Amino acid sequence: MIAICVPADAQPPDLPGVDERPKGERTRLTSADGTAFAAHEARATEPSGAAMVVLPDVRGLFGFYASLAESFAGAGVDAIAMDYFGRTAGTDERPGDWEFWPHVQATTPEQVRTDVAATVERVRTISAADRVYTVGFCFGGGHSFAQAASGLGLDGVIGFYGPPRKKRDNFPSPIELVDDFECPVLGLFGGADEGIPADEVDAFGSALSATGVEHRLHTYPGAPHSFFDRSYDAYAEECADAWRRVLAFTGRR
């Protein structure tokens, strides 16, 4: 079973050099199969030309990812954080202790891709950006990596502690999809993450190199899974560095 990534009351780490974040808004998007799903969109007041689709962890869309979308907007990156569970849990906000696992088990790769596609279309509609990326965390990190093979015309995919190898039988793992990757990859991992051992990260890097995919995989020694959290004071430098790497990857420095 995939572990909870961050607590329900977690907040993303502060973005270095950014004091104000544009206020975003919760909205509903519609997938190609007619499914309505929740999203939170935030528009940059000073656009950089980049846009981001945020893929949450197993809890789906909640405060951490809404705040993260607003942080990206504060850095000049238009952003939409999406939810996975419109088909089974509807679009209303949920309590922090909700039973997410049955809804996680009900998702399929095709559903995730279809919902990501709708979110990408929406962010291109609201943004003048000429570059679109995905970023995901844990469960969403693996999904973000997989979107490199989705045919959505992305400019790059980013995964925070996204498992390179298969965690669920009905989902192909990112390492199995690298032959179809169409864009660069940024992966950020914790060296003390017992769920993603170093040999898996190394194997992912080797597979990406073998297929000629541009990639940057970075491991923070001693950092745990889900280190990208404001409450982890001991990893403030790692969080600041991760922000720098993500923004540099999108061309926003």
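The residues of the chain are indexed from 1 along the displayed sequence. Note that this is a predicted model, so its numbers are computed, not measured. The analysis underlying the following values was restricted to heavy atoms, covering all of them including side chains, and did not include hydrogens, waters or symmetry mates.
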Discussion item. Set out, in order, the CA-CA distance, both residues' side-chain angles and the distance that settles side chain to side chain contact (heavy atoms under 4.5 Å, CB included) for Glu238 and Leu188, then state yes or no.
Written reply: CA-CA 10 Å; Glu238 287 83 352; Leu188 302 170; over 6 Å; no

Worksheet item: Distance from His215 atom NE2 to Ser209 atom OG, nearest 0.5 Å?
Response: 3.5 Å

Worksheet entry | Check: Val157 and Cys183 side chains under 4.5 Å, non-hydrogen atoms | yes

Item to complete: Give the minimum heavy-atom separation between Thr91 and Arg26, together with the two atoms involved.
Response: O-NH2, 3.1 Å

Worksheet item: side chain to side chain contact (heavy atoms under 4.5 Å, CB included) between Val135 and Leu55: does it pass, once the steps are laid out?
Response: CA-CA 6 Å; Val135 61; Leu55 281 66; over 6 Å; no

Discussion item. Over 60° means perpendicular and under 30° means parallel, so tell me whether Tyr84 and Phe139 are parallel, tilted or perpendicular.
Written reply: perpendicular

Practice prompt. Could you walk me through whether Tyr65 and Asp83 pass the side chain to side chain donor-acceptor pair (under 3.5 Å) test, one step at a time?
Written response: CA-CA 10 Å; Tyr65 297 104; Asp83 184 56; over 6 Å; no

Fill in: Side chain to side chain, Tyr232 and Pro224, heavy atoms closer than 4.5 Å
yes

Fill in: Atom pair CZ/NE2 of Phe228 and His225 - distance to nearest 0.5 Å
13.5 Å

Worksheet item: Taking the side chain as C-beta and beyond, is there a heavy-atom pair between Ile158 and Thr134 under 4.5 Å?
Response: no

Item to complete: Taking atom types as modelled, find out whether Glu70 and His40 have a side-chain donor-acceptor pair closer than 3.5 angstrom.
Response: yes

Worksheet item: If you round to the nearest 0.5 Å, how far is CD of Gln11 from CG of Leu68?
Response: 10.0 Å

Worksheet item: Given Ile80 and Arg122, is the side chain to side chain contact (heavy atoms under 4.5 Å, CB included) satisfied, shown in steps?
Response: CA-CA 8 Å; Ile80 301 180; Arg122 172 62 180 171; 3.4 Å; yes

Worksheet item: Parallel, tilted or perpendicular: which fits the ring planes of Phe72 and Trp243, with parallel below 30° and perpendicular above 60°?
Response: perpendicular

Worksheet entry | Any donor-acceptor N/O pair, Arg28 side chain to Phe37 backbone, under 3.5 Å | no

Item to complete: Test Lys23 against Glu25 for salt bridge (Lys or Arg N to Asp or Glu O under 4.0 Å), laying out the working first.
Response: CA-CA 7 Å; Lys23 183 68 174 176; Glu25 63 177 358; over 6 Å; no

Item to complete: Kindly say whether Ser67 contributes a backbone atom to a donor-acceptor pair with the side chain of Arg21 at under 3.5 angstrom?
Response: yes

Item to complete: Check the pair Val185 / Glu214 against side chain to side chain contact (heavy atoms under 4.5 Å, CB included), numbers first and verdict last.
Response: CA-CA 6 Å; Val185 175; Glu214 180 184 342; over 6 Å; no

Worksheet item: Just by distance, do the side chain of Gln111 and the backbone of Thr108 share a donor-acceptor pair under 3.5 Å?
Response: yes

Practice prompt. State whether the side chain of Arg131 and the backbone N or O of Thr250 hold a donor-acceptor pair below 3.5 Å, judged by distance alone.
Written response: yes

Discussion item. Contact between Val178 and Asp180 at the side-chain level, heavy atoms closer than 4.5 Å - yes or no?
Written reply: no

Fill in: Salt-bridge present (Arg87, Asp115; N to O < 4.0 Å)
yes

Discussion item. Would you say Tyr220 and Asp241 are linked by a side-chain donor-acceptor pair, where the criterion is simply a distance under 3.5 Å?
Written reply: yes

Worksheet item: Between the main-chain N or O of Val132 and the side-chain N or O of Asp155, is there a donor-acceptor pair closer than 3.5 Å?
Response: yes

Worksheet item: Could you state the interatomic distance from OG (Ser127) to CG (Asp78), rounded to the nearest 0.5 Å?
Response: 3.5 Å

Item to complete: Answer yes or no: is there a side-chain heavy-atom contact under 4.5 Å between Asp14 and Arg230?
Response: yes

Discussion item. Please check: side-chain N/O of Gln147 versus main-chain N/O of Ser144, any donor-acceptor pairing under 3.5 Å?
Written reply: no

Discussion item. Within the 3.5 Å criterion, strictly below it, is a donor on Thr211 or Asp179 matched to an acceptor on the partner's side chain?
Written reply: no

Worksheet item: How long is the gap from CG on Leu247 to CG on Leu15, to the nearest 0.5 Å?
Response: 6.0 Å

Discussion item. Over 60° means perpendicular and under 30° means parallel, so tell me whether Phe227 and Tyr161 are parallel, tilted or perpendicular.
Written reply: perpendicular

Worksheet item: Hey, does Arg216 have a side-chain heavy atom less than 4.5 Å from the side chain of Arg245?
Response: no

Worksheet entry | Residues forming a ring pair (Phe, Tyr, Trp, His ring centres under 6.0 Å) with Phe204, sequence neighbours excluded | Phe145

Worksheet item: Heavy-atom distance under 4.5 Å between the side chains of Leu208 and Ile175, does that happen here?
Response: no

Worksheet item: What's the spacing between Asp130 CG and Ser48 OG if we round to 0.5 Å?
Response: 8.5 Å

Item to complete: Please tell me if the side chains of Leu152 and Glu121 come closer than 4.5 Å, counting only heavy atoms from C-beta onward.
Response: no

